[in-house]
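Following: one structure in structure tokens, then a few remarks.
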Amino acid sequence: MSTPQFPPVDEQMSLLKRGAVDLIEEDQLRSKLQRSLDQGKPLTVKVGFDPSSPDLHLGHTVLLRKMRHFQQLGHRVVFLVGDFTAMIGDPTGKKVTRPQLEREEVLANAQTYQEQVFKVLDREATVVDFNSRWLSPLGSEGLIRLAGRYTLARLMEREDFRTRFANGQPIHIHELLYPLVQGYDSVALAADVELGGHDQIFNLLVGRSLMREDGLEPQICLTVPLLVGLDGTEKMSKSLGNAIALDDPPREAYGKTLSIPDRLMWDWYLLLTDLPESEIEARRAAVAEGSLHPKKVKQELARRIVTDYHGAEAAREAEAEFERVFASGGAPDDLPEFTIDRDTPLFRLLVSAELAPSNKESRRLIEQGAVSVDGEPLRGSDAISSILPSREEPYLLKVGKRRFARILIA
RNA sequence: GGAGGUGUGGCCGAGUGGUCAAUGGCAGCAGACUGUAAAUCUGCCGGGUUCGCCCUACGGUGGUUCAAAUCCAUCCGCCUCCA
């Protein structure tokens, strides 16, 4: 095994600090890096993942990219699947009746997770581990001993617990155990650094304390911000519908990126690309003084994001199509095609072609002037039951801005 | 173990016998406008319809009533307090 070549400490620090929220403690990270450089030994970087929701979006990649930074510098990144913690994690208790199945489910999720994660991470350089490896053998005795090493008062420092307690909302015991168990993972791995989202800072710090108590050198805690989603206010999350999923088709990812508020794109540049910060600043300044159009900058961002997950070719196509559809009112290339019986009234036709979910909605859309045939808008209550004459070539139907289909009248 | 509260459309939340497909907000959809799928304004926002109406829906079930989201019984879920 060859000795890894690490870049100079200052260079490492500047990459690692990019976009970080918390870095506890900066000096300690510096000396760890120095030592690793001197001894030619990589740092162990721990990142925990709860495999309960396998659909990754750009928000998750902020953390993944930071992991990637460590990998680029030659460090050892442990992708820790919280398979044990996920199994005790459900507070409603509805799922506890079938622990066997649930374990399978967790493992299946972890698998899906990994497939997506390696779009960002270097597969070769990633160590995948499972925390059940040490948490299962711990047993109830070990768990109680672990619980004896922390106090309620310290756990209640966590804002989440504090406010829930103050508001009379329930806090289940296992939730209190969570930070401890997560902290124990750090002890088990003897982590040099733990990364997480900013919301994880409390748990990361518990790991730091437990390590110190165990006589280990405490881990560095480095957090990254939660990415703000498409709406420009809430954090990106699938349930809020403001997310770009990693497996969103290129044109979706492209269009969604262009729809973010302008002010948000600087953060996205910082957190979702590796464009040097000086260049980001240069663009920002150029936009501010009016010499660069914000759309241009945002298009570049969208292109970069799509390129990362779908390749340069897909990004070019997505951009061309976006221009065609939205800037010039054209239609995309590959459209779903339907063959419809002749004499079908328009409102039924829309439903058959999956352009409207129900007859009622279909009527509404037509009345509101949302429907056009071959580029000609159809409007009004007369149009609802109108019938398209049959002909050789298919009709191009458009509903709203984004729904298209080709219709062939049988 | 005891006392009380609560369960309404995708979400939050009004409504306490008919005028309720159910006020309002959010989300969503559409139109106008725009560099944008942003912002703003306007409209729509359970389903079917021969446009008369009809069907489904207010935790589940059963009942009272000409009529129930609203009353009664029972069951289920969630929450709080006391022990």
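Here is how names work: the chains are called A, B, and so on, in the same order as the sequence lines, proteins then strands, and each is numbered from 1. Just so we're clear, the structure is a prediction, and the values are computed from it rather than from any experiment.
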Problem - Atom C1', compared across B/G46 and B/A32: separation rounded to whole Å - result: 28 Å
Exercise for the section: Figure out the CG/P separation between A/Asp262 and B/A38, and round it to whole Å. Expected result: 12 Å
Practice task
Could you let me know what B/C71 is paired to, Watson-Crick or G-U wobble, both distances under 3.5 Å, or none if it's on its own?
Solution key: B/G63
Problem - Min side-chain heavy-atom separation A/Asp22-A/Leu204 under 4.5 Å - result: no
Exercise for the section: Once you apply the 3.5 Å cut-off to both distances, tell me the Watson-Crick or G-U wobble partner of B/G1, or none. Expected result: B/C82
Exercise for the section: Pick base, sugar-phosphate or nothing for A/Glu361, based on heavy-atom distances below 4.0 Å to the nucleic acid. Expected result: sugar-phosphate
Problem - Side-chain-base donor-acceptor pair under 3.5 Å for A/Gln368 and B/G43 - result: yes
Exercise for the section: Report which part of the nucleic acid A/Arg402 touches: base, sugar-phosphate, or nothing (heavy-atom distance under 4.0 Å, all strands). Expected result: base
Practice task
May I ask you to say what A/Arg403 touches in the nucleic acid, namely base, sugar-phosphate or nothing, with a heavy-atom cut-off under 4.0 Å?
Solution key: sugar-phosphate
Problem - A/Glu367 CD - B/C45 C1' separation (whole Å) - result: 13 Å
Practice task
Applying side chain to side chain contact (heavy atoms under 4.5 Å, CB included) between A/Arg65 and each of A/Leu121, A/Leu58, A/Asp274, report the one that passes.
Solution key: A/Asp274
Practice task
Describe the nucleic acid contact of A/Gly255 in one word from base, sugar-phosphate, nothing, applying a heavy-atom distance below 4.0 Å.
Solution key: base
Handout entry: Base-pairing mate for B/U36 - Watson-Crick or G-U, with both contacts under 3.5 Å
Key = none
Practice task
Could you tell me whether A/Lys298 contacts a base, only the sugar-phosphate backbone, or nothing, with contacts defined as non-hydrogen atoms closer than 4.0 Å?
Solution key: base
Fill in the blank from the handout: Of the candidates B/U49, B/U36, B/G48, the side chain of A/Phe322 sits closest to B/U36
Practice task
Over 60° means perpendicular and under 30° means parallel, so classify the ring planes of A/His75 and A/Phe6, tilted if in between.
Solution key: parallel
Practice task
Using the C1' atom as the reference point in each nucleotide, state the distance between B/A27 and B/G60 in Å, no decimals.
Solution key: 29 Å
Fill in the blank from the handout: Separation of B/C55 atom C1' from A/Lys360 atom NZ, nearest Å, is 11 Å
Problem - Whole-angstrom distance between B/U74 and B/C66, as gauged at atom C1' - result: 26 Å
Fill in the blank from the handout: Taking a pair to mean Watson-Crick or G-U wobble geometry with both distances below 3.5 Å, B/C53 pairs with B/G48
Exercise for the section: Decide yes or no for A/Leu189 and A/Trp134: does some side-chain heavy atom of the first lie under 4.5 Å from some side-chain heavy atom of the second? Expected result: yes
Problem - Minimum-distance nucleotide to A/Arg363 side chain [options: B/C45, B/G31, B/U49] - result: B/U49
Exercise for the section: Quickly work out the A/Phe404 CZ to B/A37 P distance and round it to whole Å. Expected result: 11 Å
Practice task
For A/Lys295 and for A/Val371, locate the closest nucleotide of RNA chain B by heavy-atom distance; then report the residue assigned to the nucleotide nearer the 5' terminus.
Solution key: A/Val371
Handout entry: B/G25 glycosidic torsion: syn (within 90° of 0) vs anti
Key = anti
Problem - Side-chain N,O (A/Ser259) to OP1/OP2 (B/A38) below 4.0 Å - result: no
Practice task
Determine the interatomic distance between C1' on B/G48 and the same-named atom on B/U42; round to the nearest Å.
Solution key: 29 Å
Exercise for the section: Check every atom of B/G35, B/G31, B/A37 against the side chain of A/Glu252 and return the nucleotide holding the closest atom. Expected result: B/A37
Handout entry: Contact check, side chains of A/Val62 and A/Leu272, non-hydrogen atoms, under 4.5 Å
Key = yes
Handout entry: P-based separation of B/G18 from B/C81 [nearest Å]
Key = 36 Å
Problem - P-based separation of B/U8 from B/U61 [nearest Å] - result: 16 Å
Handout entry: Separation of atom CZ in A/Arg251 from atom C1' in B/U36, rounded to whole Å
Key = 17 Å
Exercise for the section: Check the distance between B/G28's P and A/Asp231's CG and give it to me in whole angstrom. Expected result: 9 Å
Exercise for the section: Have a look at A/Leu365 and say if it touches a base, only the backbone sugar-phosphate, or nothing, with a 4.0 Å heavy-atom cut-off. Expected result: sugar-phosphate
Handout entry: Atom pair distance, as rounded to whole Å: NZ in A/Lys398 and P in B/A30
Key = 11 Å
Practice task
For nucleotides B/A69 and B/C58, find the distance between their C1' atoms and express it as a whole number of Å.
Solution key: 4 Å
Practice task
Starting from C1' on B/G28, measure out to CG on A/Asn242 and report it in whole angstrom.
Solution key: 14 Å
Handout entry: Whether A/Phe118 and A/Phe79 hold their rings parallel, tilted or perpendicular, with breakpoints at 30° and 60°
Key = tilted
Practice task
Using the P atoms only, state how far B/G13 lies from B/U6, rounded to an integer number of Å.
Solution key: 13 Å
Practice task
May I ask which nucleotide in the shown strands pairs with B/U6, Watson-Crick or G-U wobble, both distances under 3.5 Å?
Solution key: B/G77
Fill in the blank from the handout: The side chain to side chain contact (heavy atoms under 4.5 Å, CB included) partner of A/Leu388 among A/Ile409, A/Asp374, A/Thr344, A/Asp343 is A/Ile409
Problem - Heavy-atom neighbours of A/Lys235 NZ exceed 12 at 6.0 Å - result: no
Handout entry: Base-pairing assignment for B/A30 (Watson-Crick or G-U wobble, both under 3.5 Å)
Key = B/U42
Exercise for the section: Verify the contact: side-chain N or O of A/Lys401 to OP1 or OP2 of B/U36, cut-off strictly under 4.0 Å; return yes or no. Expected result: no
Practice task
Look at the side-chain N and O atoms of A/Asn359 and state whether any lies under 4.0 Å from the OP1 or OP2 oxygen of B/U49.
Solution key: yes
